[in-house]
A.B. asks: 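Okay, handing you the structure first.
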Amino acid sequence: VTMSSFFKKNAVSKSNCPRCGLGSHCSAPRMKVAGKGGQRILVIGDSPSALDDDKGAFYRDSTGRRLKQELRHLGISLRDDCWYVPAVRCRPALNSKGEAGEVSTAHITNCRPYIQGIIKELRPEKILLLGETALHSYYDDRNKQCTSMFKMAGMQIWDSTYNTWVFPIWSTALIEKKKHDTLLFSEYKRCLKRAIHTEVQPFEKKWNPTYKLRNFKKAIKALTNCLRNDTLIAIDYETTGLDMYKAGHSTASFAWANDEGSWAVPVQHPYWNPKQQEEIYALVQKILKKRKIKKIVQGINFEYPWTKQQMKAEPRGFIWDTQLATHIIDNRTGVTGLKFQCFVRWGIEDYDKISGKYIKSNSKTGFNDMLKMPVDALLEYNALDSLYTYELYKEQQEQLVGTELDAYHFMHNGAIVMCEMSFNGIRIKESFYLKQKKLLEQERDDLIDLINTSDEATQYTRQRGGNFDYNSPKDLQIMLFKVLKLKSRKETKTGHSVDAEVLQKIDIELTRNIIAVRKLNKMIGTYVDGFLKHTHDGMMHPSFSLARARSFRSSSQSPNFQNVPKRDPKAKRITRSGMVPRDGRVLGEMDFSGAEISTSCYYHKDPTFIKYQTEGGGDMHNDACSHILLNEKDTKMPKPLRQCTKGVWTFSQFYGSYYVSCAKQGWEEYPLCVEKDGSPCQVKGMDIGDWMKQKYGSYKGFENHLKKFQSIFWDEWFTVYTEWKDKVCRDYERDGFVETFLGFKFKGYMDSKQCTNYPIQGTSFHLLVYTAVQFLKECRKQGLETLIVGQVHDSLILDIPLEEIDDVKRILSTIVGNLHEVFKWMDFPMGLDLEISKSYEQGGSFASMEPLEL
DNA sequence: ACGATCAGCGCG
DNA sequence: AAACGTGCTGATCGT
């Protein structure tokens, strides 16, 4: 009787895990913790492999050997110094392909009690969570924000429940599986090294007291004292909602924290009578307006405009945003929340347990139940928020030094300008959108009728039962690939794709109608409705955040101002015509020409590339086009083909695409290129489609041609660019981060494309930030009334009084023209384009912008 | 009823 | 292995 058959026989009868059943097929179910734990390190891995199962113990496979080897390099023996255990103790069932199947949430949940039991029993000093299964096992029942290794890997987290330090680390099995990914491996080694080499002490922190100001006299005294004596405080509001421009909101309470403690006071709250409310409100206003009281906030995008709009106070001395600082320290997504920071830094869980349900706003009304919360809970929560913000600030002062601190200050100035432009807002003609909405809905409903009464819909109902929902990708998949028996050409994670590209290729009346309905629904739902929802008193205030994007770009929300249609003429007209200048003004838009292309040059310094990008260096897109279609250098190509090359080749390649994708796209798109009159583009006297067939024979021939061209492009044309890319990746492998000219550091796991794309994207945007900051400064200095009302990565949208157009032109030309003097790493100037609309009185709008001579 | 996730689609 | 980044909507699934 072999060991494995012995276990198989006994697996079910011995099981203590009746809910799971995973053990029933295993040779070695319910593996127990192993190792001697000499250094009190507990390693929690994912789950046993088939080989582990066969051998009857965890980490007996190549993954285990790899881990042992890496630990040995760090002077640690897995057997002697650690305890180790899989988070799911039975080998996962095989999937249909015979590979190790997925571990489910249920498996993790069922095994969790054992894991928690051994932690209590062993009381480890450090816990290494090796892989996502371990991460979920450890955190899912306590904190829903600790979800992915992309976000958590490399952190050092104090756990106040088990009094231990936790180190999430990439799964060793994943490292084994992705052997070729040297960048991931380097991250893995760094995480492991940090976990092993960090000397730990039990975490202790003494927290300042919180004061809940429920007595009016005491409240006045405390506020007055703050106003007179405080020079640095963290502030926080609890409010009835997030949309500060919507009527009917109130500031339920206000809290501030300093080195001694934190205080919270009801403000526009029925706890006080109206007269008391007035007095408190006035004092809070004075604190907000006093420049000498420096303020720290968590999320300036909210606190700053709320101060202006709801507290009717000019925000002064807002010197730090802990959210922005968190983002600068760690640019990975999902780390900036105060709750999350409290959890990972100080092991604080659930301080919003009571307040949580009151804070959640009703999705229809936009109001929450803040005023219904017991005052005591409200003040405690508010005080804690400001207290934690203050403590976070203090830790960030220690953490952010050198170039990263410079980067913070640069972004802080930018953030205030973003707040100002959001506060300014853009004028909206609501009547226009209301009217468009009706027209679009009519147009859509007619199409829906056609779809619902089509033969296909009848056939669908006859075959499958139920009605065909044109809007459901699931129904559409059934319709196209089951009922109509068409062949799927593109897959998604869970099924067959039915996106516009697929529908366009199928090209029957049904798919044409669905494409049209989708476009209309997008216009109605995302844009028209979105604009109306966020417009108050004829003004819309999109928010612009600098603390979200991994690339250190901005993002925009409520509504997103950065994705309003521009390429499709009809969509452009409908969505942009209702954005208009104020009385006696025009809308203006300045944008950098080829912002990211130029910025890439500042980094890679490729002479061939720079020559293209500067005066008289030829036209890169045309030359690539000529190579791709003719295999000739420098032949002048028809404009639409050149334009097509940008998307098919140049930009794709710069973002890291490769010849096969480019070939597929080019083989489809080039033949569709037409001249202005609608006739097919001509090459050597032939239609482009016919020419390509003749020249390359088949798709495969075209692909081979692009394979060769890719080598020419990167190894002959842009050798220096290629060398730069290699160096950036090597440096990241060595250092664990990539740094920009302005001191921003990209951290966490990145693949080679991200390593080289982020600095270009980020820096390009930062030139715009600088331009916006300088422009606002200059406008104020010169007493101009021009307003910045929006921003789209490489462009600024302005609302300009007619008489200031020339001033704006001059100021912008100066600032942008001098960028390369300010930033010495710019080898040549950034290009500038300017467009303006007609005045409001002449019907000008964001839909019709005309170039302005510079 | 509500959160999470996916697919789809808009922009630079 | 094979295109970077973002936000919003509606459908779907699970609690």
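Chain A is the first sequence line, chain B the second, and so forth, proteins listed ahead of strands; every chain is numbered from 1.
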A.B. asks: In whole Å, measure the gap between the C1' atoms of C:dC4 and B:dT5 for me.
C.D. replies: 22 Å
A.B. asks: Decide if atom NZ of A:Lys519 counts as having more than 12 heavy atoms of other residues, nucleotides or ligands within a radius under 6.0 Å.
C.D. replies: no
A.B. asks: In whole angstroms, how far is the P atom of C:dT6 from the CZ atom of A:Phe544?
C.D. replies: 17 Å
A.B. asks: Nearest to the side chain of A:Arg553 - C:dA3, B:dG12, C:dC4?
C.D. replies: B:dG12
A.B. asks: Could you tell me how far apart A:His327 (NE2) and C:dT6 (P) are, to the nearest whole angstrom?
C.D. replies: 9 Å
A.B. asks: A:Lys493 has a side chain; which of B:dC6, C:dA3, C:dG7 sits nearest to it?
C.D. replies: B:dC6
A.B. asks: At what distance, to the nearest 0.5 angstrom, does CG of A:Asn452 lie from CG of A:Asn513?
C.D. replies: 10.5 Å
A.B. asks: Between P on C:dT6 and CD on A:Glu596, what's the gap in Å once rounded to a whole number?
C.D. replies: 13 Å
A.B. asks: Indicate whether OP1 or OP2 belonging to C:dT6 is found under 4.0 Å from a side-chain N or O atom of A:Ser556.
C.D. replies: no
A.B. asks: Report the distance from atom CG of A:Leu520 to atom C1' of B:dG8, rounded to the nearest whole Å.
C.D. replies: 15 Å
A.B. asks: Taking a pair as Watson-Crick or G-U wobble with both distances under 3.5 Å, which nucleotide is matched to B:dG12?
C.D. replies: C:dC4
A.B. asks: For the base of C:dA3, is there a side-chain donor-acceptor partner from A:Ser652 under 3.5 Å away?
C.D. replies: yes
A.B. asks: Checking all strands, does A:Lys474 fall into the base, sugar-phosphate, or nothing category for heavy-atom contacts under 4.0 angstrom?
C.D. replies: sugar-phosphate
A.B. asks: Is there a donor N/O on one and an acceptor N/O on the other, under 3.5 Å, for the side chain of A:Gln710 and the base of C:dA2?
C.D. replies: no
A.B. asks: Could you tell me the separation between the CG atom of A:Asn521 and the C1' atom of B:dA7, rounded to a whole number of Å?
C.D. replies: 15 Å
A.B. asks: Which of the following nucleotides, C:dG5, B:dG8, C:dA2, is nearest to the side chain of A:Lys753?
C.D. replies: C:dA2
A.B. asks: If only side-chain N and O atoms of A:Arg518 are considered, is one of them under 4.0 Å from the OP1 or OP2 phosphate oxygen of B:dC9?
C.D. replies: yes
A.B. asks: Heavy atoms from C-beta onward define the side chain here; which of B:dG10, C:dT6, C:dG5 lies closest to that of A:His793?
C.D. replies: C:dG5
A.B. asks: For the side chain of A:Arg567 and the base of B:dG10, is some donor closer than 3.5 Å to an acceptor across the two?
C.D. replies: no
A.B. asks: Report yes if a side-chain nitrogen or oxygen of A:Ser661 is closer than 4.0 Å to either non-bridging phosphate oxygen (OP1 or OP2) of C:dA3; otherwise report no.
C.D. replies: yes
A.B. asks: Take A:Gly525 and A:His180, find for each the nucleotide of DNA chain C with the closest heavy atom, and name the residue whose nucleotide sits nearer the 5' end.
C.D. replies: A:His180
A.B. asks: So for atom NZ, which belongs to A:Lys490, do other residues, nucleotides or ligands contribute more than 12 heavy atoms lying within a distance under 6.0 Å?
C.D. replies: yes
A.B. asks: Would you indicate, yes or no, if C:dT6 has its OP1 or OP2 atom less than 4.0 angstrom from a side-chain nitrogen or oxygen of A:Gln557?
C.D. replies: no
A.B. asks: When all nucleic acid strands are considered with a 4.0 Å heavy-atom cut-off, which category describes A:Gln665: base, sugar-phosphate, or nothing?
C.D. replies: base
A.B. asks: Assign each of A:Ser363 and A:Thr147 to its nearest nucleotide of DNA chain B by heavy atoms, then name whichever residue's nucleotide is nearer the 5' end.
C.D. replies: A:Ser363
A.B. asks: Rounded to the nearest 0.5 Å, what separation is found between the CH2 atom of A:Trp724 and the CZ atom of A:Phe609?
C.D. replies: 10.5 Å
A.B. asks: When the C1' atoms of C:dG5 and B:dA4 are considered, how many whole Å apart are they?
C.D. replies: 22 Å
A.B. asks: What distance, rounded to whole Å, do you find between the two C1' atoms, one in C:dA1 and one in B:dG8?
C.D. replies: 24 Å
A.B. asks: Quick one: which of C:dT6, B:dG8, C:dA11 gets closest to the side chain of A:Arg550?
C.D. replies: C:dT6
A.B. asks: Does the distance from a Lys or Arg side-chain N to an Asp or Glu carboxylate O, for A:Lys700 and A:Glu703, drop under 4.0 Å?
C.D. replies: yes
A.B. asks: Would you say A:Ser472 reaches C:dA11's phosphate, i.e. side-chain N/O to OP1/OP2 under 4.0 Å?
C.D. replies: no
A.B. asks: Of the nucleotides C:dC8, C:dC4, C:dG7, which one has an atom closest to the side chain of A:Ser555?
C.D. replies: C:dG7
A.B. asks: Whether A:Asn471 contacts C:dA11 is assessed here as follows: a side-chain N or O lying under 4.0 Å from the phosphate OP1 or OP2. Is that the case?
C.D. replies: yes
A.B. asks: With the threshold set at 4.0 Å, does a side-chain nitrogen-carboxylate oxygen contact exist between A:Lys505 and A:Glu501?
C.D. replies: yes
A.B. asks: Is there a donor and acceptor pair closer than 3.5 Å between the side chain of A:Lys566 and the base of B:dC11?
C.D. replies: no
A.B. asks: Output the rounded distance in Å from NZ (A:Lys490) to P (B:dG8).
C.D. replies: 8 Å
A.B. asks: Tell me yes or no: between the side chains of A:Thr650 and A:His621, is some donor less than 3.5 Å from an acceptor?
C.D. replies: yes
A.B. asks: Indicate, yes or no, whether a donor-acceptor pair under 3.5 Å links the base of C:dG7 to the side chain of A:Asn560.
C.D. replies: no
A.B. asks: Counting only heavy atoms not in A:Gln504 (residues, nucleotides, ligands), do more than 12 fall under 6.0 Å from its CD?
C.D. replies: no
A.B. asks: Among B:dA7, C:dT9, B:dG10, which is the nearest nucleotide to the side chain of A:Thr526?
C.D. replies: C:dT9
A.B. asks: Can you say whether a donor on the side chain of A:Gln761 sits under 3.5 Å from an acceptor on the base of C:dC4, or the other way round?
C.D. replies: yes
A.B. asks: Measure OH/A:Tyr470 against P/C:dG10 and give the value in whole Å, please.
C.D. replies: 10 Å
